[in-house]
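Structure record follows, encoded as structure tokens.
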There are 2 protein chains.
Amino acid sequence: MAKAPTVYDVAERAGVSIASVSRVLRSPDSVKEQTRERVLEAVRHLGYVPSANARGLAARRTNVIGLFFPGHDDVAGSEGQLVAASGGVTTVRDDPTTEPETNNFYFDEVLRGAEIEAWRRGFALMVAAGRGASREAIVNDIAGRVDGLAVLARTVPDELLTHVARRIPVVVLAATRGTDAFDHVSVNNAPGMRAMTEHVLKAGARSLLYIAGPEDSPDDAERLQGFRAALDGNAEVAVELVRGDFSRGRGREIALGIDPLPDAIVCSNDQTALGVLDAMGRRSISVPDDVMVTGFDGIAAGRHSSPRLTTVHQPMVELGRAAIQALTARLDDPSMDARSLVLPVQVVLRESCP
Amino acid sequence: MAKAPTVYDVAERAGVSIASVSRVLRSPDSVKEQTRERVLEAVRHLGYVPSANARGLAARRTNVIGLFFPGHDDVAGSEGQLVAASGGVTTVRDDPTTEPETNNFYFDEVLRGAEIEAWRRGFALMVAAGRGASREAIVNDIAGRVDGLAVLARTVPDELLTHVARRIPVVVLAATRGTDAFDHVSVNNAPGMRAMTEHVLKAGARSLLYIAGPEDSPDDAERLQGFRAALDGNAEVAVELVRGDFSRGRGREIALGIDPLPDAIVCSNDQTALGVLDAMGRRSISVPDDVMVTGFDGIAAGRHSSPRLTTVHQPMVELGRAAIQALTARLDDPSMDARSLVLPVQVVLRESCP
DNA sequence: CATCTCACTGTATGCGCTTACAGTTTGTGA
DNA sequence: TCACAAACTGTAAGCGCATACAGTGAGATG
């Protein structure tokens, strides 16, 4: 890392001007073959890698897209320097009742979709997770680095979003807000839950328990709405509603205390439903014979639970891709009207509610 | 997005020079309070977000760290524009035998660790996944954008790595190569597998089947070495070795054909072991009563399998963090000797081999 | 009241690249 | 052989910011 070579170094060694160097790298066909060879030789010899900063500055675009989502809350441990550790092996016995960390597979998949789509379209992807107070600084920082920004709904205050939107296009994920000027990409929450609920009814359930998520979740609100729509006109069905918090632990806790049992427990997300399955297992209650259970999200764990979880699958990878597509579409045509894209969902029937 | 405001616009509106604007943003204390207020007002009013490109160019550093890992192979479908889709709901019945996509939870977790650590240290994180031929272009591109680059072992040819390493520091993850000049961060593969195998032996196994991974995986080689070390001097133990490919499907396939059954099947990763569990379930063979099964990695799915999987847990989040730490350490002191950091692993005993 | 400090603020330069434009070479037809 | 177009290459002007250095003015000092 003595000193990174620049276009000037390459130009000098190749005996050409810096413009030719730039052309060889950006539009090789516009340069005579012989010149091109000389330049490429110099590039290899010097270990030249062009500075994206300089290029971005000159070209007025960075070719980077940013993705911002709610943070893994600050991890307390592991503050120490891991300098020169030397391995080690310990052994533990893992009790089945220990709570697994709440892995946000959701964002992992969205991220994966965004990553694929961004590079395919020639953009690099920058990721940032918001953590409490630093959120504003992070969003501002990343906004200065990218050509477009995708944010998950509810993670960034509107005021801040409006501020950065004056510089770059912004697309909001997982929300169908109509009151703002941003592009939106979301999934078909209400119809999905409606279809799920209708399946449950068709399977014969006449008493339902709905475990909702936190009140401030727009996704949850839409799902609840879909649930209610399915029940519209089914006066003979008994319905009860409790609020969970989208977590497995809370789902388990709620399900441990349910008495009497309804015919079916409809959960507004998979984690909650998995918690319910845990509880039923512990109470030796058979699913689906004694009670049916459904979830929403389609996380991988639901495929391996016992019994396997019937759920509404969200196309999370597609969500990430769609966000990038929306962003590049707007970059291509900034004057376009704001769009709201709703992705289809899929009811996946497995053993917990066949 | 009419035209993003610049320092000049802010300076003009605040009635100061651009130097003062810059100072307010970089070292607020060096500016008189009254001036600072005026500048901040102008920033808010104009919706000013500083250009990271310009800053990076002037400051000669980008404050971004790059992470490169083997790609999700090119996803064929979903080429179409998702323009103005309008939701929809379909229903499918999910057959338990359908192959779940091979989710690389491994990288997700490494990424998460890197993300946390990078932002904590004031760096943004740029991610890139390598896809076949475009790999070289991507690595070069990202190398021009960042102050340091973390790559997963075996994903980038040495020559390319050496090339970019002339510009920025590089750290290699999940490999303990001694022949190059890069910093390395890896996990304690061999001792971990050795401990796992010793546990299997202590549990009474006298005939073992080892299902290895692909030949070109350095991780796999180290694990196999650990396995052999555990057997050293146990001449009475019968051992057989087959090669898998780290996939669940292949593990299942192998396990369906095993006859006679050994006392234990030791797998070099969790996916393979989960496939083995699938097969045993289908063959109505009891795990661990008829055969014990162990994995390696500690992916979340192993906690929810049936029976739950005994495995060696790698600290994947820590791996990501350690990579960032190694990189920032080298940025602070480029002359430092190359380091090789080995993270500890943990044998996690669950029902598949108690 | 002149001089000196100190705390700020402004001026000017350059970071490494892209690109409009001008200049040069090469090839072509008359 | 000469004029002219086509193909290529060089020149020069920024892109938006950080920062060394040079002011500027107010208060402190003698």
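The chains referred to below are lettered A, B, ... by the order of the sequence lines, with proteins before strands, and numbering in each begins at 1. Note that this is a predicted model, so its numbers are computed, not measured. FYI, side chains are in, hydrogens and waters are out, and symmetry mates aren't considered; it's all heavy atoms of this structure.
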Using a 3.5 Å distance criterion without hydrogens, assess whether the side chain of [X] forms a donor-acceptor pair with backbone atoms of [Y].
X: Arg167(A); Y: Val49(B); value: yes
X: Ser22(A); Y: Ile18(A); value: no
X: Ser51(A); Y: Ala54(A); value: yes
X: Asp183(A); Y: Arg339(A); value: yes
X: Arg135(A); Y: Pro157(A); value: no

- [ ] In sequence, state the C-alpha distance, the side-chain angles, and the governing distance for Glu41(B) and Arg38(B), and then conclude on salt bridge (charged side-chain N to carboxylate O under 4.0 Å, His left out).
- [x] CA-CA 5 Å; Glu41(B) 187 282 329; Arg38(B) 290 220 311 279; over 6 Å; no
Open item on the list: Please give me the minimum heavy-atom distance between Asp219(B) and Ala174(B), naming the atom from each residue.
Closed with: OD1-O, 3.8 Å
Task: Where Tyr48(A) and Thr6(A) come nearest, the two heavy atoms and their spacing - done: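 Minimum heavy-atom separation between Tyr48(A) and Thr6(A): CE1-C, 3.6 Å.
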Task: Contact pattern, 5' to 3', of nucleotides 4-13 of chain D - B, S or - by protein heavy atom under 4.0 Å - done: ----SBBB--
Task: CG/Asp332(B): more than 12 non-hydrogen atoms of other groups inside 6.0 Å - done: yes
Open item on the list: More than 12 heavy atoms of other residues, nucleotides or ligands under 6.0 Å from CG of Asp333(A): yes or no?
Closed with: yes
Atom [atom1] of [X] to atom [atom2] of [N]: distance rounded to whole Å?
X: Arg61(A); N: dC15(D); atom1: CZ; atom2: C1'; answer: 15 Å
X: Arg55(B); N: dT19(D); atom1: CZ; atom2: C1'; answer: 14 Å
X: Leu57(A); N: dG14(D); atom1: CG; atom2: C1'; answer: 9 Å

Open item on the list: Please tell me if Arg26(B) has a side-chain N or O lying less than 4.0 Å from either OP1 or OP2 of dA18(D).
Closed with: yes
Open item on the list: With each end axis built from five pairs of C1' atoms, what bend angle do you get for the helix from dC1(C)-dG30(D) to dA30(C)-dT1(D)? Round to 10°.
Closed with: 40°
- [ ] Identify whether the distance between the nearest side-chain nitrogen and carboxylate oxygen of Glu109(B) and Arg112(B) falls below 4.0 Å.
- [x] no
TODO: Report which part of the nucleic acid Ser22(B) touches: base, sugar-phosphate, or nothing (heavy-atom distance under 4.0 Å, all strands).
DONE: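 Counting heavy atoms under 4.0 Å across all strands, the contact made by Ser22(B) includes a base.
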- [ ] Name the nucleic acid region contacted by Ser51(B), choosing base, sugar-phosphate or nothing; use a 4.0 angstrom heavy-atom cut-off, strictly under.
- [x] sugar-phosphate
Task: Where chain B begins and ends its contact with DNA chain C, read 5' to 3' at 4.0 Å from heavy atoms - done: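 Taking any atom under 4.0 Å from a heavy atom of chain B, the span is dC8(C) to dG16(C).
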